[in-house]
2 protein chains.
Amino acid sequence: MSKNINFDKIAHQPAYRVVSEKIRNAILSGEIKTGELLPTETDLAKQFGVTRSTIREAIRLLEHGGILGRADRKRLVVTLPETDAVGRSVSSALLMHQVTYEELWQVAMGLEPLASKLACTTATKQDKQLLAENLVLTRDVMNDHDALLAAEIEFHNLLANATHNSALLLARAPLNELFYPVAWGEIIRALSPGERILVAHQHIYAAICDNNPDKAEEWMKKHMEDFRRGIEMGNLGFDQPVPVAP
Amino acid sequence: MSKNINFDKIAHQPAYRVVSEKIRNAILSGEIKTGELLPTETDLAKQFGVTRSTIREAIRLLEHGGILGRADRKRLVVTLPETDAVGRSVSSALLMHQVTYEELWQVAMGLEPLASKLACTTATKQDKQLLAENLVLTRDVMNDHDALLAAEIEFHNLLANATHNSALLLARAPLNELFYPVAWGEIIRALSPGERILVAHQHIYAAICDNNPDKAEEWMKKHMEDFRRGIEMGNLGFDQPVPVAP
DNA sequence: ATTGACATATTGTCCGACAATAAGTCAATA
DNA sequence: TATTGACTTATTGTCGGACAATATGTCAAT
């Protein structure tokens with residue numbers, strides 16, 4: 001073996017990546033603030049000294065992450081990434097990993113009771129108001145499978161929002177997009193557990209109004225256990241991969 | 001008020017989006033399998049009947065989500081999105097939302113004890129082996145702040161990997177990228193709590209080997225509480241936004 | 001088995017062009 | 001006054017073609 005000199009790998013990044021990183025940094029560092037318009041493509045091209053095509057590719061790279069959106073479907077603005085924007089990347093990833101109902105349920109079991117607990121101390125009047133309205137709605141649509149599913153999902157969302165914890169919101173995004181729609185959809189259709197759902201929601205809501213974190217957490221755990229039983233009893237296997245939506 | 005006819009909003013998507021969605025669906029539905037090469041840009045352009053520029057923009061859109069990577073830095077391949085690929089989108093989002101240490105800690109408190117518990121029943125011999133090696137490493141670098149930080153982060157990663165739950169891995173991605181590096185970094189530098197870290201890790205490891213979920217969960221909770229105290233005692237406020245890395 | 005020379009395929013980048021569409025201005029009109 | 005219409009302008013979406021840089025493959029020479 002001859003004596004070797006070790007060179008570092010040279011890191012040649014294509015221009016569109018470099019530009020993308022620069023813009024990303026400018027946004028994250030607050031140099032361009034949320035809500036501000038991004039310079040026009042021709043401007044950017046001049047500034048960076050590259051062609052408009054390159055700029056466009058750089059922008060596409062960021063657009064998917066949700067930190068760029070469009071104000072009027074023409075000019076691009078810097079936007080606060082909403083949970084569902086980011087959530088879709090995560091969902092794709094999970095689907096490709098063939099995530100199972102069980103895996104998602106385990107995460108839900110970690111996050112949803114936590115959300116219930118936290119919401120007790122963080123929920124504003126308006127949060128509670130929205131939850132209350134959701135309860136009424138749920139009762140009203142008890143026999144409409146689709147509407148019931150939507151209301152159920154909304155309840156969990158409202159609850160999560162009431163924590164005002166953006167990290168929690170993002171962490172549970174895949175539950176919203178993959179878990180509840182698919183799994184609850186099947187369960188509700190197969191077992192019609194509308195009453196049990198409503199009772200659990202009511203207890204959680206009451207606990208939040210009473211500022212009783214332990215009770216809120218407990219009832220959410222029960223709720224999620226119901227959920228698991230539903231999956232097991234329904235015709236979808238608990239350890240089966242979540243199917244790709246058509 | 002005149003009688004109105006309500007038309008649905010027409011959903012005119014730019015071509016690069018449509019193409020991007022089509023490719024995405026082909027990937028998610030398994031039409032193109034993981035590891036396969038994507039057709040060349042010129043091919044795709046012909047197939048979709050658009051220009052290569054359009055194809056390229058469509059591809060960039062997907063590239064960021066991590067479901068496309070490059071085999072040899074030329075041809076694109078369909079890849080399983082790794083946690084850190086997706087994690088970066090999430091991290092950007094959180095930084096823009098000015099997420100606080102407290103918010104991240106709350107999520108960590110929901111997920112890390114859960115991971116400990118699950119790992120007890122899912123960890124393979126190799127997982128345990130890796131954890132054991134990490135413990136040795138941790139002891140060895142006890143006085144090297146940077147190395148200690150790296151070892152600490154690696155421990156939590158190994159633990160999460162040992163659950164073999166991809167949903168959990170993705171949900172905790174932001175902890176890896178934002179929380180531990182920044183917060184632990186500061187804590188370790190300020191308080192040098194090397195011993196306490198090691199002791200906690202050892203107990204968790206022991207619990208996993210003994211197949212004792214409750215003990216594993218408990219010790220991880222203690223560990224995270226230490227963590228919180230560290231943040232509070234250090235000079236970083238618990239309720240302060242996590243700073244953007246330079 | 002390694003090297004070198006060569007042809008080929010594919011991506012990265014550039015340029016220039018034009019259509020489609022939002023936004024702004026201003027006059028005409030009911 | 002408020003709505004409509006015609007016009008201008010700025011900006012994005014899409015096209016087509018061009019060329020350089022780089023991997024890949026082949027074949028001969030050593």
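Bear in mind that the values here come from a model prediction, so they are computed numbers and not experimental data. In what follows, every chain begins at residue 1, and chains take the letters A, B, ... in the order their sequences are listed.
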In terms of side-chain heavy atoms of [X], which of [options] is nearest?
X     : options                : answer
A/T40 : D/dT11, C/dT11, C/dG12 : D/dT11
B/R52 : D/dG13, D/dT11, C/dT11 : C/dT11
B/R56 : C/dG12, C/dC14, D/dT12 : C/dG12
B/S53 : C/dT13, D/dG16, C/dC15 : D/dG16
B/T51 : D/dT11, C/dG12, D/dT14 : D/dT14

How long is the line joining [atom1] of [X] and [atom2] of [N], in whole Å?
X     : N      : atom1 : atom2 : result
B/Y16 : D/dT12 : OH    : C1'   : 9 Å
A/E57 : C/dG12 : CD    : P     : 8 Å
A/Q13 : D/dT22 : CD    : C1'   : 16 Å
A/L37 : D/dA10 : CG    : P     : 16 Å
B/K46 : D/dG16 : NZ    : P     : 13 Å
B/E63 : C/dG12 : CD    : P     : 8 Å
A/L76 : D/dG13 : CG    : P     : 7 Å
B/I55 : C/dG12 : CD1   : C1'   : 16 Å

- Message: Both A/G49 and B/E41 contact DNA chain C. Which one's nearest nucleotide lies toward the 5' end?
- Response: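 Result of the comparison: B/E41.
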
- Would you tell me if any nitrogen or oxygen in the side chain of A/R75 comes within less than 4.0 Å of OP1 or OP2 on C/dT21?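 No, no such contact exists.
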
- Task: Answer yes or no: does a side-chain N or O of B/R70 lie under 4.0 Å from OP1 or OP2 of C/dG12?
- Result: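 For C/dG12, OP1 or OP2 has a side-chain N or O of B/R70 closer than 4.0 Å.
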
- Hey, can you tell me if B/F155 and B/H201 have their rings parallel, tilted or perpendicular (30° and 60° cut-offs)?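 Because their plane-to-plane angle is under 30°, the rings of B/F155 and B/H201 count as parallel.
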
- From the options B/F238, B/Y101, B/W184, select the one residue that forms a ring-ring contact (aromatic ring centres under 6.0 Å, His included) with B/F227.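 Only match with B/F227 under ring-ring contact (aromatic ring centres under 6.0 Å, His included): B/W184.
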
- Query: Using a cut-off of 4.0 Å on non-hydrogen atoms, how would the nucleic acid contact of B/R17 be classed: base, sugar-phosphate, or nothing?
  - Reply: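 No contact at all - B/R17 keeps every heavy atom at 4.0 Å or more from the nucleic acid.
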
- With a 4.0 Å cut-off on heavy atoms, is B/T54 in touch with a base, just the backbone sugar-phosphate, or nothing at all?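 Result for B/T54 = sugar-phosphate.
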
- Message: Any salt bridge linking A/E63 with B/R17? Criterion: basic side-chain nitrogen under 4.0 Å from a carboxylate oxygen.
- Response: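 The answer is yes: the pair qualifies as a salt bridge.
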
- Looking at A/L169, A/L80, A/N165, which hits side-chain contact (heavy atoms from CB on, under 4.5 Å) with B/H97?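 So, applying the side-chain contact (heavy atoms from CB on, under 4.5 Å) to B/H97 and each of A/L169, A/L80, A/N165, only A/L80 qualifies.
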
- Any side-chain donor near an acceptor of the partner, A/N157 and A/R172, under 3.5 Å: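 Side-chain D/A pair, A/N157 to A/R172: present.
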
